[in-house]
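Here's the structure, in structure tokens; my notes come after.
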There are 2 protein chains.
Amino acid sequence: MEITEDIIIKVALRLFSKKGYAATSIRDIASETNLTSSALYYYVESKKHLLLKIIEKGLNKLIMDAKNGLIHLRDPKDQLKELIRIHVINHGQEQLAALVIDTEYRSLDGEDRQKIRDMRREYEEIWLEVLRQGKNEGVFTYEDVRLATYALMEMCTGVAHWYVEGGRFTIEEIANQYKELGYRMVASLK
Amino acid sequence: MEITEDIIIKVALRLFSKKGYAATSIRDIASETNLTSSALYYYVESKKHLLLKIIEKGLNKLIMDAKNGLIHLRDPKDQLKELIRIHVINHGQEQLAALVIDTEYRSLDGEDRQKIRDMRREYEEIWLEVLRQGKNEGVFTYEDVRLATYALMEMCTGVAHWYVEGGRFTIEEIANQYKELGYRMVASLK
DNA sequence: GTCTATAGGAAGATAGAC
DNA sequence: GTCTATCTTCCTATAGAC
């Protein structure tokens, strides 16, 4: 990957997350990268392709981090807390990407849309499996696994909506509190 | 309010939530209401004003429902469960409005933006007060009230992202499960 | 209230020079 | 690799007839 392309992606990410994909023009992106809009097309196939790459990159990182985080853990309680930690930290550190992934999915169509849908499902499946296993072992209690999973995931996803770097808590401190809140949500009482 | 205006708002709401505000044109809205774009301007001041009215209406309903729901409740546990119930049912029944409120806030500017920000803060304050009171009375446990509140609210808000009418659970059933999950998240162990 | 016509500009993307 | 110039289409919004 070339250096100019990285800058373009970074600028596009910032503008897409701030103004939205549709409201951001190729000329906006070009202007902030000190290129003309035609020079930009030397690096980028289309505006839609740029969005796709941003979303793919972000989701890939999240999935990889989650899978790596679980490798050495066997206890569902530890696994859940690790998923919460990774999800929260991702949505803080990669806040702009997280916002774009969540809100601009609708701007894709056809096989692009399907591909992102599949990646989201893959990530969701990681959580579902941990929650199922925890119930089987009797450490988790909930009525429906999908509902509990969505509740947990959306709670963590929300961090991207309010987190500000340099605020009262670091993202690690937030992750720690969320680990406790999330675990209590589904924990079986001893 | 006139009947044509209601239809316009309904159509705009559907299109804004599906394609996004910026990607929806006045012509799109006119076309689906069987009006020309100029006829539409007889009812609507501007596209931005239409968005503002949609967001205001949706937030107003949510705030009113929350306030009314709490009137006769004194126990923080009951109050929290009622807030969860109202928020979840609102985000299921008014799903499209909820999505527009959450994602198109950025499309407003100036005093419009400030007004919506204030309304969101007013709603948030209702939750914060219940959570604070619960901790004072010893029935809730958490490290930071704002963090716990955001976690609870975002968990419930997320329902708008995945709920489908006619799915495995009615919105009331979902609300019931969320009441339990949310309460356990902050409940003090006896 | 609803129409046709149109102003005035901005959008995505490309051609071709350097 | 980057530019100027431009094609074509779409946009919000208005003027003025009926």
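Just so it is clear: chains get the letters A, B, ... in the order the sequence lines come, proteins before strands, and each one is counted from 1.
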A:Thr24 near the nucleic acid: base, sugar-phosphate alone, or nothing, with a heavy-atom cut-off under 4.0 Å?
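Sugar-phosphate, backbone atoms only, no base.
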Using a cut-off of 4.0 Å on non-hydrogen atoms, how would the nucleic acid contact of B:Ser25 be classed: base, sugar-phosphate, or nothing?
sugar-phosphate
Over how many whole Å does the gap from A:Tyr41 atom OH to C:dT14 atom P extend?
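Atom OH in A:Tyr41 sits about 7 Å away from atom P in C:dT14.
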Would you kindly give the CD1-to-C1' distance between A:Ile26 and D:dC10, to the nearest whole Å?
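Going from CD1 in A:Ile26 over to C1' in D:dC10 covers 16 Å.
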A:Asp28 and its salt bridge (charged side-chain N to carboxylate O under 4.0 Å, His left out) partner, picked from A:Lys19, A:Lys18, A:Arg14
A:Lys19
Is the closest side-chain heavy-atom distance between B:Glu129 and B:Gln79 below 4.5 Å?
no
Of the listed nucleotides (C:dA11, D:dC3, D:dA13), which one gets closest to any side-chain atom of A:Arg27?
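Out of C:dA11, D:dC3, D:dA13, the nucleotide with an atom closest to A:Arg27's side chain is C:dA11.
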If each of A:Ala22 and B:Asn34 is mapped to the nucleotide of DNA chain C with the nearest heavy atom, which maps nearer the 5' terminus, i.e. the 5' end?
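The residue closer to the strand's 5' end, by nearest nucleotide, is B:Asn34.
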So, OP1 or OP2 of [N]: does either fall under 4.0 Å of a side-chain N or O from [X]?
X	N	value
A:Thr36	D:dT2	no
B:Ser38	C:dC3	no
B:Tyr42	C:dC3	no

Minimal heavy-atom distance between B:Asn60 and B:Met119, with the atoms involved, is N-CE, 3.7 Å
Flag the pair B:His87 / B:Tyr123 as yes when their ring centroid distance falls below 6.0 Å, and as no otherwise.
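Yes, the ring of B:His87 comes within the 6.0 Å limit of the ring of B:Tyr123, centre to centre.
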